[in-house]
Amino acid sequence: MAGRRTNLALAVLLLLALVSGGLSFATGTAAARWPVLAHGVLGLAIVILAPWKAVIARRGLGRSRPGRWASVVLAILTGTAVVSGVLFSTGINLRYGPLNAMQVHVGSALATIPFAVHHLWRRPVRPQRFDVARRNLLRAGGLAGVAGVAWLGVEAASRLLRLPGRRRRFTGSHERGSHDPAAMPATQWFDDSPPDLDPDAWRLAVTAAAGASELAFADLDRGDEVTAVLDCTSGWWSEQTWAGTSVAHLLGDARGRSILVRSATGYARRFPMADAGRLLLATRIGGEPLSRRHGSPARLVAPGRRGFWWVKWVVEIEVDDRPWWWQAPFPLT
Ligand SMILES: Nc1nc2c(c(=O)[nH]1)N[C@H]1C(S)=C(S)[C@@H](COP(=O)(O)O)O[C@H]1N2
Ligand SMILES: [Mo]
């Protein structure tokens, strides 16, 4: 009975942790920070239930049932996701050889999915009507409360022990090299690699229903400037001053529903038309030309949006009538 309740709670927690984790990657403004908060509390709730689950698991491991190895893998992956999550948020450990803590965290969390599905299929926890009984809702509320207190405890401990995590941004990211472009990390979303583009030969294609135009590098040095935070989902943020040409200026009176910004590598993101005034096509960072790693000759600056929106090595800006959400929520390459 008690075991069934723990199992059901863990299944729900794992699902909510995956969903809130995905939503955290979309968090770009302080107003949209709740998934990040929820994600931390959900992770700690899993930790709190671990002792009860350990009792259940010990019982189960004693019997040799089919699919036992998959359950063990699920336990290891969940443990890895939770531990790397805590090590990342506190800043105790941010690197594991070639990987950073966020890669380990997201990788192990995503890898739980097939094993969790398999586990639930082999050992279903069937929700019953009395699961929503008052007593159990109180229990769930109690767990949420204890997890919330644990979350505050981790925050307090980070401050007390002066861990790097105490200065994290609302997205959970750690600061890196603000106003010092040379110290700012360069990252690719997935498997993209920096192309070598010659600014003199480089052309920007701007297309809209009304027609197309081509701009050269020199045309972009308008001196529009913005100081903005690039916040990468791999867990770092950096504030820099960028200069170039506002996208609204590039588009002139072009009309449409969305703006597609495409890289020389094929990487692309689509933005609502209303963003044009906020977007900057930057050719400079901290007054200096962009380096190749950071998107030379020109890269997008999208204040209030996570790093994966900041398309580098831009070669094309296109306005059309597709809705901006007509794309994968995250880049696929
Ligand atoms: N063409 C292209 N643009 C890209 C990426 C990419 O892989 N390809 N990565 C994005 C991601 S995930 C981030 S966080 C920022 C990183 O910018 P930086 O390398 O200048 O720090 O670039 C974005 N622009
Ligand atoms: Mo990123």
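Please read all numbers here as calculations on a predicted model, not as lab measurements. Residue numbers start at 1 and run along the sequence shown. In listed order, ligands and their atoms are each counted from 1.
Scanning all protein heavy atoms for the shortest distance to atom 3 (N) of ligand 1 gives Lys312 N, 3.0 Å. When hydrogens are left out, the protein atom nearest atom 11 (C) of ligand 1 is Gly307 O, 3.5 Å; that is the closest non-hydrogen contact. The protein heavy-atom contact nearest to atom 1 (N) of ligand 1 is Ser263 OG, 3.1 Å.
When each atom of ligand 1 is checked for a heavy atom of Thr265 under 4.0 Å away, the hits are 1 (N). Atoms of ligand 1 found under 4.0 Å from any heavy atom of Cys232 (numbered from 1 in listed order, with element): 14 (S). Interface atoms of ligand 1 facing Trp313, defined by a heavy-atom separation under 4.0 Å, are 1 (N), 2 (C), 8 (N). Per-residue contacts place Leu230 under 4.0 angstrom from the following atoms of ligand 1 (heavy atoms of the residue considered): 14 (S), 17 (O), 21 (O). For ligand 1, the atoms sitting less than 4.0 Å from at least one non-hydrogen atom of Phe308 are 10 (C), 11 (C), 12 (S), numbered in the order shown with element in parentheses. Distances below 4.0 Å separate heavy atoms of Met184 from the following atoms of ligand 1: 20 (O), 21 (O).
For Trp236, the closest heavy-atom approach to ligand 1 falls below 4.0 Å. Distances shorter than 4.0 angstrom occur between a heavy atom of Arg299 and an atom of ligand 1. Residue Gly295 places no heavy atom under 4.0 Å from ligand 1.
For Tyr267 and Trp313, the ring centers sit 6.0 Å or farther from each other.
Contact annotation: for Trp189 versus ligand 1, heavy atoms closer than 4.0 Å belong to both the backbone and the side chain.
A donor and an acceptor atom, one from each side chain of Asn136 and Arg139, are located under 3.5 Å apart.
Taken from SG in Cys232 to CZ in Arg176, the straight-line distance is 11.0 Å, to the nearest 0.5 Å.
Ion pair Asp231/Arg306 flagged as a salt bridge, since at least one NZ, NE, NH1 or NH2 atom sits closer than 4.0 Å to an Asp/Glu carboxylate oxygen. We find that Arg305 and Asp275 are joined by a salt bridge, their nearest charged nitrogen and carboxylate oxygen being less than 4.0 Å apart.
Hydrophobic clustering, with ILVMFWY side chains joined whenever heavy atoms are under 4.5 angstrom apart, groups Val206 together with Trp324.
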